[in-house]
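In what follows, a structure is listed as structure tokens, so that the remarks can point back to it.
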Amino acid sequence: MELNLLKESNDYKYYELFIGPNHPGIEGNFSYVLKMKGHSVEEVTPDPGLLHRGFEKLMERRLWTQNLALIPRICVPEPDVNEVAYCLGVEHMMGIDVPKRAQYIRVIVLELARIASFLFGMSGLGGTTGHYTSVQWLIGDRDYILDLFEWLTGGRVYHIYQYPGGVKNDLPEGWLDKLSDFLDYLEKRLPEYDKFIFKNPIIQKRTVGLGYISAEDAIENGLTGPNLRASGVMYDIRKAQPYLVYSELDFDIPKTGDGDAFSRVLQRRLELSESIKILRQCIEQIPEGPHRTKVPNPFQFRVPKGSYYSKVESSRGEFGYYIVSDGDVKPYRVYVRGPSYSIGLYYATKALVGMRIEDVPVWIHTTDMCPPDFDR
Amino acid sequence: MGSQDIEKKNGFAPIVGLKYLFKKPHTIRYPKEDLEVFPVSGNSPNYRGFHTNDLEKCIGCGNCARICPTDAVTMVESTDVRPTNKFAKTVRPVFDYGRCCFCAQCVDVCPTGSLQMSRDYIHTFHPDLSIPVEDEPEIVSKDFIWRADMSRSKNPGYVRNESNKFDKVLNFERIEPKKADPDKRKISFSKYVQIYSKEEASKEASRCLGCGACVEACPNELHIPEYISAISKQDPQESLEWIYKRNPLPLICGEVCTHQCEEACVVGIQGEPLAIRWLKAFSASNVDDYLKTAKITLPKFNGKKLAAVGGGPASLSFGYYARLLGYDVTIYEAEEKLGGAMMWGIPIYRLPKEEMMKDINAILSTGINVHLKTKVGKDIKFEDLMNSYDAVFIGVGNSKPMTLKIKGEDLNGVMQGLTFMHMVNDGSLKDLKGKKVVVVGGGNVAMDVARSSVRLGAQVTIVYRRRIEDMPADPEEIEEAREEGVKIVEMGVPVEIRGKSSVETFEYAVASLVPDPSGGRPKPVVDDRSPHITLSVDYVIAAIGQTPSLDFVPAEIQQKIGFDGRSVPVDEYGHTKVKGLFCGGDASNSRQDIISAIGSGLRAAKGVDLYLAKEEKHV
């Protein structure tokens, strides 16, 4: 194969390597241009924009509630955080009180989406390390969650289920029982996952000690979510600034510790167990009552003048919506803070330097980045 | 579990894997197999698949097309559909599945519930490879774009039906304005419906979908979605600016309009229509200076002079809009006050006189000349008007009442509805305590007469020749009259009024109804077997309609314009067959209400402008 050769010395070839959407080791429609020295990376240039659909601009030209069909697409593996963060912001600006039941349903949806996203992320690691059993098993189990979502919302991936003032439908009859059954099933599966992912010598060899991120570095570069917590900073919005009903729920933030690629994956696996714990509490505690409050219809839906930053802890970190309204039927400006932005676009330029080429996809997948975040 | 925790090599490990050989596979081989988690096997019970549209229910309002975030819905004129009600359109939504994102927002905003989503989602597309690329758009449009009813599914998914209609994004419940109790309101002539507060108005206005079905129903085509949207923004000033573009009597219409718009309101199909009339009253009563708020700049007089006969809503509207075009308008009114039927025909508990004067004074302040107590034909000759003005507008309304044509109509105590209302309004009739009153008729005038009599202390019976649901009066008027203790006799046909010098008894026959084969209102028929009932009464008031009186117009001109005793034929601008003579209001409108009169005045003002411009060209 002819390399895009830059220069040649006695010991090394210096060349440019494009690792893009056609490469199975990268997440989504995104690419890095790597300047290589032999097998190791010298310089990294992220090359986003392949997925740019101008979400933020499009939102300014649509009605407030029309945007609810658009924003789930900003994060494909976990669309619900977008809907909830947007709705929380709009509700805060309009002064709408959301019924307790709707808040519980939102927590259930968010946690289920978190589990689905963790399963998806961990299966990605299997893809990059050649461990295809985990891809097939985890994606297969994730599909049971999509079934539940389909039943609840009418859609498998893009649920378009949240609405300012609550959620669109109440929980269908028997849905919570099925959810409970699924959690039992998933818990039975977890020891198997541990066995073939975390106790697996190959995965351990490929991930332990790789891509170490110190706590200072993580804070400095704006990392959030499991990536930050894996470095030992116990910051979780659900605990730090509880939204919805998280203050009523009992859960822990697991501590894994040393900030390498293995602990980042392990962090997700342990948080998955916490999500199951949260879901079980929700099933028990969810109150009866209305699932939404009345709001003006879409054509007369006006948000009072002002601005607000609402944030939600997604499976990747802090998902934020900065919403500005001038009192009209359309938003004046919506800015989306995606959790992958800081790690995928900025921190990657530092973190990947000096890394061997075969470790790059592993690093990308253990940070669980989601490129649609960059291109909104 | 940690990074040191490595599974030891185990010789049995491959055998452990064997158990998965006998497990059920994850994969569902659709369409041979269905998902079984759902209560109904297949896909989710409220799956958002392809659209279905019930053509019998769809009214073509286009809200689905307006809400669609991806512009996948277009409204297409359909020749094979019948309009479902008299305001419905014949356009129907057509979906482009190359664009649709299946968000179901169109289903959420469908006011009739006709649009649904099915559980069908397989879209197969087999282009014929032998067809050249140039012809491909046709294939694409055949396969990707279809009218939702072309593939009616028996497999409904995401739907908004009657049972959960209060569950979704539309608000079907009206915010009722505060009203006085029937017992309290029937003893006084003060207004009993309170105008909305700012919060109530904004909340009510926020139910509007803005589709504009009301605009087409309104005889004057007001900018209804625009002004309601402004109220929803809590901006009565902007709202009035929109109203004033086509209606210079906003407060009057806000109180007593016949609100055709509310009948057409699409929210009213499944729920209660928007209170468009009360919203207009809200914005008009919250603005002090109409002309300043509506940003009206008056042009200089252009030297042409117009005359308007009659001082009612048609003439006022004509005068105002002609003045905006620069004409010098003079109104001739026979009575001592302006307002016509609004002044003398409508009781003050519905329309307080000071509210009415607010509207009229705003119009007069633009510089319109008024000659009160000047009866055309008596104080000034009609021919003189025709000669000394560039154009003349007749807005005299209906002043000649229809009579019952039964025996005893000349007795004392038998009155016409309008005469009675005039006496109530000018204060010459103050008390009817203990008297028994029979009102004949079922229109709004009959209701006004009956409810005014109740307020004067009388016992009132309304005799109408058809059923209550056939009455032309507003349903809420009928309802409120009954609440106030008015008795309504259905299918009563007056037979005779008896008495020596004044009325003593009133006899009516109970008719049987014969359905009209052509679909109109049923016809009351009295035959030999019909029972006759006699009531002892003090007053009989006939409110069975009235016709225009053009006595002041010379017979020769009456003949020329083709006046048949009921209405004056005019063109779309109110121009009669005589050059320079325009007509509007009840004398020429088929709907005899204030908003139609305002509309005819507005059109006549435009017509005059066109006519005079044309005349000038000829000279």
Side-chain angles (χ1 to χ4, degrees), chain A residues 58 62-63 65-70 73 136-137 139-141 143-144 147-156 158 160 163 168-170 172-174 178 194-196 198-201 204 207-209 256 258 260 262-263 266 269-270 291-292 294-302 327-329, chain B residues 1-9 13 16-17 20 25-28 35-39 43-49 63 66-70 101-105 108-109 117 119 157-158 164 166-171 173 202-203 205-211 225 228-229 232-234 267:
Chain A
L58 286 174
R62 279 166 171 69
L63 302 174
T65 57
Q66 267 184 332
N67 283 333
L68 287 167
L70 181 72
R73 288 151 228 275
Q136 282 150 14
W137 283 26
I139 295 278
D141 287 344
D143 242 49
Y144 294 121
D147 289 348
L148 287 174
F149 273 137
E150 186 187 328
W151 191 4
L152 177 64
T153 68
R156 283 182 84 80
Y158 297 132
I160 315 180
Y163 200 79
K168 272 191 173 180
N169 304 316
D170 205 353
E173 213 170 297
K178 283 272 190 238
D194 295 344
K195 223 175 185 175
F196 71 69
F198 296 100
K199 293 181 183 170
N200 187 322
Q204 291 223 358
T207 56
V208 172
T256 47
D258 57 352
D260 63 353
F262 183 81
S263 59
L266 188 59
R269 156 68 188 83
L270 297 178
H291 61 280
R292 53 175 299 198
K294 277 276 169 217
V295 291
N297 77 46
F299 300 107
Q300 306 289 349
F301 197 97
R302 288 184 176 82
D328 204 2
V329 289
Chain B
M1 191 166 47
S3 51
Q4 275 69 45
D5 205 359
I6 296 181
E7 182 88 337
K8 293 264 163 55
K9 278 203 171 153
V16 174
Y20 292 104
H26 288 302
T27 323
I28 303 291
L35 280 174
E36 279 163 5
V37 275
F38 311 119
N43 40 20
S44 158
N46 54 355
Y47 195 81
R48 301 194 302 260
N63 283 317
R66 289 171 57 236
I67 195 68
C68 183
T70 59
C101 72
F102 300 92
C103 62
Q105 293 193 1
D108 284 340
V109 300
M117 284 179 123
R119 294 168 75 203
Y158 188 93
N164 62 0
F166 294 108
D167 203 35
K168 294 285 193 293
V169 303
L170 301 184
N171 297 343
E173 286 142 329
S202 163
K203 215 167 168 190
S206 75
R207 302 200 304 133
C208 175
L209 295 171
C211 58
I228 291 187
S229 173
S232 156
K233 276 193 279 190
Q234 306 208 340
V267 182

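Worth knowing before you read on, the calculation uses all heavy atoms, side chains too, and leaves out hydrogens, waters and symmetry mates. Below, chains carry the letters A, B, ... as their sequence lines are ordered, and counting in each starts from 1. Being a predicted model, the structure only gives us computed values, none of them experimental.
- By number of non-hydrogen pairs under 4.5 angstrom with chain A, the leading residue of Ile228(B), Val37(B), Ile67(B) is Ile67(B).
- Options Gly157(B), Pro45(B), Pro39(B) differ in how many heavy-atom pairs under 4.5 Å they form with chain A, and the most are formed by Pro39(B).
- In terms of heavy-atom pairs under 4.5 Å with chain B, the best-connected choice from Asn67(A), Leu63(A), Ile160(A), Val295(A) is Ile160(A).
- Cation-pi geometry between Arg73(A) and Tyr158(A) is met: under 6.0 angstrom from the ring centre, within 45 degrees of the axis.
- In this structure, the side chains of Pro69(B) and Cys103(B) come closer than 4.5 Å at one or more pairs of heavy atoms.
- In this structure, chain B has heavy atoms under 4.5 Å from both the backbone and the side chain of Asp147(A).
- Most heavy-atom pairs under 4.5 Å with chain A: of the set Ser44(B), Cys101(B), Ala205(B), this distinction falls to Ser44(B).
- Residue Cys68(B) touches chain A through its backbone alone, counting heavy-atom pairs closer than 4.5 Å.
- For Asp328(A), no part lies near chain B; criterion is any non-hydrogen pair under 4.5 Å.
- Heavy atoms of Leu209(B) lying under 4.5 Å from chain A belong to its backbone as well as its side chain.
- Side chains of Leu68(A) and Tyr163(A) form a contact here, defined as non-hydrogen atoms less than 4.5 Å apart.
- Of the atoms belonging to Lys233(B), heavy atoms from both backbone and side chain fall under 4.5 Å from chain A.
- Between the side chains of Ser232(B) and Arg302(A), at least one donor N or O sits under 3.5 Å from an acceptor N or O.
- Atom CZ of residue Arg66(B) and atom CD of residue Gln66(A) lie 9.5 Å apart, to the nearest 0.5 angstrom.
- Put simply, CZ on Phe102(B) and OH on Tyr158(B) are 14.5 Å apart, with the number rounded to the nearest 0.5 Å.
- Looking only at heavy-atom pairs under 4.5 Å with chain B, the residue among Pro296(A), Gly174(A), Gly209(A), Pro172(A) that has the most is Pro296(A).
- Annotation: side chain of Pro298(A) is in contact with side chain of Val109(B) (closest heavy-atom distance under 4.5 Å).
- In this structure, the portion of Leu152(A) lying under 4.5 Å from any heavy atom of chain B is its backbone and not its side chain.
- In terms of heavy-atom pairs under 4.5 angstrom with chain A, the leader among Thr70(B), Asn63(B), Thr27(B) is Asn63(B).
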Salt bridge (Lys or Arg N to Asp or Glu O under 4.0 Å), that's the test. Do Asp194(A) and Arg269(A) meet it? Break it down for me. CA-CA 9 Å; Asp194(A) 295 344; Arg269(A) 156 68 188 83; 2.7 Å; yes
